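Down below is the structure, laid out as structure tokens.
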Amino acid sequence: MKVKAILLVCLLFIFSCKNSPDTINLLLVNGKIWTGNELQPWAEWIAIDGDELVGIGEGVAEYSAEDTIDLKGQLTLPGFNDSHVHFASAGALLLGINLLDVSNEQKFVERIKGATERLPKGTWITRGDWGAYESWEVGSVGDKNEGTSFMPNRQLIDDFTSNHPVLVTKFDRTTGMANQLALEHLGVRSNTGILRDDQLTDALKQIPEKSFELLVAEADRAFQECRKFGVTTVQDMSPLKSVDVYKHLEKEGKMTARLLFSPSRLSDYKMMIDKGWVIDWSDPNRPQQNVEGFLGFGTIKSHIDGIMGARSARFYGPYNDNPMDQPDWRGGWREFSKDLPSFKDMLIKADEGKIQLRVHAIGDEANAILLDILDTLEQVNGSRERRFRLVHAQVIAQQDFDRFAGKRVVAEVQPYHVTDDMRWMEERIGYERCKGAYAFKTLQEHDCHLSFGSDWPGTNASYYPINPLMGIYAAVTRQTVNGEPENGWFPEQKISLEEALKAYTHGSAFGAFEEHIKGTMEVGKLADICVLDTDLFKTAPKAWLDAKVVYTILGGEVVYKRN
Ligand SMILES: [Zn+2]
């Protein structure tokens with residue numbers, strides 16, 4: 001026992017004092033620092049030089065520093081690492097228009113007006129997805145609201161949209177509404193501006209491509225949101241053209257989060273190689289991040305099934321609601337996986353090239369098929385540390401949990417989905433199957449590494465915020481933001497605050513082979529840090545939803561400070 005204690009003290013001493021320069025760049029003092037490092041879980045000060053942590057400890061920090069920040073006892077965490085975002089869509093939604101929760105005229109007018117104020121003259125205002133929350137209130141487990149469906153018309157907005165063509169859609173994308181300017185461009189006459197069916201399809205095709213400047217402005221807006229919520233790394237699956245946008249922002253010094261980009265198909269990946277973007281894929285433990293810059297390249301992402309909302313997720317058995325209408329619950333195969341042998345071949349080929357794989361799987365059978373494929377990869381290409389990323393891992397059949405043992409699978413999950421999906425999931429797949437839904441606790445117990453993220457900005461039916469505290473709240477409480485149900489939805493799957501924080505920091509870094517530079521506060525790691533105004537360890541989860549980030553520090557630079 002004593003030997004152990006002495007060893008620990010020595011280790012702490014080494015961790016704390018390595019490479020202590022005369023004057024360092026930044027000293028953070030008087031903090032309540034959760035390090036994520038089991039050897040030294042808590043600290044009071046952090047010394048930073050360049051982009052690196054050079055010291056961390058308790059008591060007095062013997063450094064002279066160019067700058068010192070008094071953390072005033074506030075909770076300080078490793079910067080959040082969101083392992084699953086759609087960055088370009090998020091930027092487009094934030095700078096453009098989000099109508100998901102709009103189902104009355106006044107709100108509709110306000111939102112369109114807001115977009116005209118943000119967007120330069122001549123820019124199209126598109127999508128929006130109005131009415132998505134009309135049936136289901138945000139965050140409720142409750143019943144469907146009664147009421148008629150909201151239908152806008154162009155008279156509401158024509159007066160103030162003479163500089164912006166508008167073509168917004170209803171969330172189910174069956175109906176669109178164009179303003180006068182857009183109708184002129186489309187060569188269509190309509191008093192209301194409502195477009196449906198072929199007319200809508202044709203109109204959507206005629207919306208001009210966004211300019212590079214607009215794409216840059218959208219990404220810039222998305223980075224702003226990341227720093228506001230203490231997110232220092234995002235793992236992104238945007239269209240390939242976004243890389244040019246990120247490179248531009250990186251050159252301008254405007255990337256305020258590290259971004260790991262993943263192409264979504266093998267052909268995209270090949271195009272990346274042609275453009276010379278790939279660093280070194282031959283080393284399976286490669287640092288993928290171009291640390292001096294902030295842009296790196298991650299995995300290849302693909303899909304094996306669809307989503308439950310559209311009944312296109314692949315299950316062993318039929319959906320509980322409407323099985324007669326949708327007898328083929330296996331019909332939702334996506335692009336690659338319509339043809340399972342070719343899909344498998346693609347994964348084998350990519351794996352042979354030592355590329356890390358991440359595959360979207362929602363239904364229980366879809367997840368099981370991926371475990372089969374993972375076995376095949378081991379057999380065909382030999383065993384190695386793959387860290388295969390099961391994206392969403394949404395419903396696992398009870399009999400399949402044991403198959404995770406020894407596989408080092410990374411469950412790339414988005415805990416906020418729990419609060420959103422619990423509203424309708426039992427209705428769709430029944431109580432028994434829901435036991436294996438978002439089963440974070442059971443996954444963890446079966447040797448699965450949790451890597452948390454948001455799926456920001458969500459779908460045409462739901463907005464998923466980037467704020468990691470929403471996800472942490474969901475994982476710990478399994479309640480809606482309104483605190484329902486009282487004990488949480490399948491409460492046996494709740495995880496602890498520390499486990500949730502770990503999954504949002506170290507877990508996401510591990511999933512990207514980057515735990516040697518990120519995810520905990522240790523000497524030698526990147527100084528990516530977030531400071532909160534609320535002590536999560538001392539407050540009830542409800543308070544976390546209102547907690548604010550005070551500082552976001554990226555590579556030793558303060559990129560966000562709350563006024
Ligand atoms: Zn996604």
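Here the structure is a predicted model, which means the values were calculated and not measured. The analysis underlying the following values was restricted to heavy atoms, covering all of them including side chains, and did not include hydrogens, waters or symmetry mates. Whatever order the structure lists them in is the order used to number ligands and atoms, beginning at 1. Position 1 is the first residue of the sequence, and the numbers go up from there.
Considering only residues two or more places apart in sequence or on other chains, Thr505 meets the side-chain hydrogen bond (donor to acceptor under 3.5 Å, both in side chains) condition with none of them. Thr232 pairs by the side-chain hydrogen bond (donor to acceptor under 3.5 Å, both in side chains) definition with nothing, not counting sequence neighbours.
Lys210 is listed as a side-chain neighbour of Glu218, based on a closest heavy-atom distance under 4.5 Å.
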Hey, can you pull the donor-acceptor pairs under 3.5 Å for the side chains in residues 392-400, sequence neighbours left out?
unit_1, atom_1, unit_2, atom_2, d
His392, ND1, Gln414, OE1, 2.6
His392, NE2, His360, ND1, 3.2
Gln394, OE1, Tyr438, OH, 3.4
Gln394, NE2, Tyr438, OH, 3.0
Asp400, OD2, Tyr316, OH, 2.8

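Protein N/O/S atoms found under 2.8 Å from the Zn ion (ligand 1): His84 NE2, His86 NE2, Asp455 OD1.
Below 30°, between 30° and 60°, or above 60°: for Phe87 and Trp456 the angle between ring planes is above 60°, a perpendicular geometry.
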Could you check Glu385 against Arg387 for salt bridge (charged side-chain N to carboxylate O under 4.0 Å, His left out), going step by step and ending with a plain yes or no? CA-CA 6 Å; Glu385 175 110 14; Arg387 303 192 187 175; 2.9 Å; yes
